[in-house]
Novice: 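Please see the structure below; I have some questions.
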Amino acid sequence: MTAPEAESLRAPTRPPRPSVWRGQGTVVAVVALGGAIGAVARYAASLWWPARSGGFPWATFGINVVGCAVIGVFMVVVTEVWAAHRLVRPFFGTGVLGGFTTFSTYAVDIQKLVDAGHPRTALAYLAATLLAALAAVWLGVTAARRVLKRRQR
């Protein structure tokens with residue numbers, strides 16, 4: 001038996017916490033899986049097309065531009081055409097394409113060019129990547145919408 005005063009001192013019971021896997025756990029898992037796939041593809045491309053020291057990093061530039069174009073097409077398809085499963089966007093958009101495009105390597109490449117005494121190449125790379133990536137997303141979106149419009153006729 002407990003005294004009535006002791007009853008009020010007990011911590012209130014909380015409802016059980018939902019499992020992490022029922023909430024964001026599966027999203028985190030598919031992003032991680034997609035990211036690993038994208039990163040391996042990016043690494044393979046950098047081995048296939050290595051940058052020479054002090055030169056324009058064409059592999060990273062190309063990877064980022066192609067990845068941005070694919071992101072543009074993908075977003076049109078999953079938002080305007082296809083009612084995709086809830087994990088498709090995190091897996092492919094955030095995971096695969098996020099792992100494939102490499103803006104962290106872009107920043108490191110710029111720093112390496114500056115440190116190696118090639119500030120003009122670094123500035124050209126900085127500006128060209130930004131402009132080309134934005135243009136690639138726009139072109140991907142525009143091309144996907146035009147193709148889909150023609151297919152609907």
Side-chain angles (χ1 to χ4, degrees), residues 14-153:
R14 294 184 182 153
R17 290 176 52 171
S19 169
V20 171
W21 289 106
R22 290 186 183 220
Q24 294 297 315
T26 50
V27 175
V28 170
V30 298
V31 168
L33 176 64
I37 292 167
V40 168
R42 178 188 69 232
Y43 181 68
S46 70
L47 291 178
W48 180 67
W49 194 6
R52 63 180 178 82
S53 180
F56 194 90
W58 287 106
T60 305
F61 178 80
I63 286 166
N64 286 337
V65 172
V66 167
C68 286
V70 174
I71 287 169
V73 171
F74 175 69
M75 290 310 295
V76 168
V77 171
V78 298
T79 60
E80 298 176 17
V81 177
W82 180 37
H85 185 276
R86 72 178 189 88
L87 297 176
V88 170
R89 284 172 68 175
F91 171 74
F92 190 73
T94 305
V96 174
L97 293 175
F100 181 67
T101 57
T102 174
F103 285 90
S104 59
T105 303
Y106 161 69
V108 169
D109 287 343
I110 292 168
Q111 185 63 48
K112 284 181 180 178
L113 287 167
V114 170
D115 290 346
H118 303 283
R120 285 189 209 137
T121 305
L123 187 58
Y125 176 52
L126 185 143
T129 299
L130 178 62
L131 294 173
L134 291 172
V137 171
W138 180 81
L139 286 170
V141 167
T142 302
R145 285 183 177 150
R146 284 187 181 170
V147 166
L148 292 169
K149 193 174 183 179
R150 285 187 183 145
R151 290 188 72 203
Q152 288 176 351
R153 287 182 192 167

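The figures here come from the full heavy-atom set of this structure, side chains too, leaving out hydrogens, waters and symmetry mates. Note that the numbering runs from 1 along the sequence shown for the chain.
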Novice: Does any pair with a residue in residues 37-46 pass side chain to side chain donor-acceptor pair (under 3.5 Å), and if so which ones, sequence neighbours excluded?
Specialist: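 As it turns out, there is no side chain to side chain donor-acceptor pair (under 3.5 Å) pair with a partner in residues 37-46 once direct neighbours are skipped.
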Novice: Under 3.5 Å, side-chain donor or acceptor atoms of residues 134-149 against the rest of the protein: list the pairs with distances, not counting sequence neighbours.
Specialist:
{"from": "Thr142", "atom 1": "OG1", "to": "Trp138", "atom 2": "O", "distance (Å)": "2.8"}
{"from": "Arg145", "atom 1": "NE", "to": "Glu80", "atom 2": "OE1", "distance (Å)": "3.2"}
{"from": "Arg145", "atom 1": "NE", "to": "Glu80", "atom 2": "OE2", "distance (Å)": "3.0"}
{"from": "Arg145", "atom 1": "NH2", "to": "Glu80", "atom 2": "OE2", "distance (Å)": "2.5"}

Novice: Determine the minimum heavy-atom distance between Gly54 and Thr121, stating which atoms define it.
Specialist: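 Answer, listing the atom of Gly54 first, then Thr121: O-CG2, 4.3 Å.
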Novice: I need the minimum non-hydrogen distance between Ile63 and Ala45, along with the two atoms involved.
Specialist: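 Smallest heavy-atom distance, with atoms named: CD1-CB, 3.6 Å.
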Novice: Let me confirm one number: the CG-OG1 distance from Leu87 to Thr94, rounded to the nearest 0.5 Å.
Specialist: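 OG1 of Thr94 is found 11.0 Å from CG of Leu87.
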Novice: Please find the pair of heavy atoms, one from Val27 and one from Pro90, that lie closest to each other, and give the distance.
Specialist: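 So the two residues come closest at CG1-CB, 3.9 Å.
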Novice: Using distance only, find each side-chain donor-acceptor pair of residues 103-118 under 3.5 Å and give its atom names and separation, not counting sequence neighbours.
Specialist:
{"from": "Thr105", "atom 1": "OG1", "to": "Thr102", "atom 2": "OG1", "distance (Å)": "2.5"}
{"from": "Tyr106", "atom 1": "OH", "to": "Leu126", "atom 2": "O", "distance (Å)": "2.7"}
{"from": "Asp109", "atom 1": "OD2", "to": "Thr60", "atom 2": "OG1", "distance (Å)": "3.2"}
{"from": "Asp109", "atom 1": "OD2", "to": "Tyr125", "atom 2": "OH", "distance (Å)": "3.2"}
{"from": "Gln111", "atom 1": "NE2", "to": "Asp115", "atom 2": "OD1", "distance (Å)": "2.8"}
{"from": "Gln111", "atom 1": "NE2", "to": "Asp115", "atom 2": "OD2", "distance (Å)": "3.3"}

Novice: Report the residues that fulfil side chain to side chain contact (heavy atoms under 4.5 Å, CB included) with Thr79, sequence neighbours left out, ordered by chain and then residue number.
Specialist: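 Listed in chain order: Met75, Arg89.
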Novice: Please list all pairs passing the ring pair (Phe, Tyr, Trp, His ring centres under 6.0 Å) test where one or both residues lie in residues 64-83, with sequence neighbours left out.
Specialist: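 As it turns out, the ring pair (Phe, Tyr, Trp, His ring centres under 6.0 Å) pairs with a partner in residues 64-83, which skip direct neighbours, are Phe74-Phe92.
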Novice: Kindly write out the residues that satisfy side chain to side chain contact (heavy atoms under 4.5 Å, CB included) with Leu33, not counting sequence neighbours, or none if the list is empty.
Specialist: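 Listed in chain order: Ile37, Phe91.
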Novice: Can you name the side chain to side chain contact (heavy atoms under 4.5 Å, CB included) partners of Ala128, sequence neighbours left out?
Specialist: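 In terms of side chain to side chain contact (heavy atoms under 4.5 Å, CB included), with neighbours along the sequence ignored, Ala128 is linked to Phe56, Phe61.
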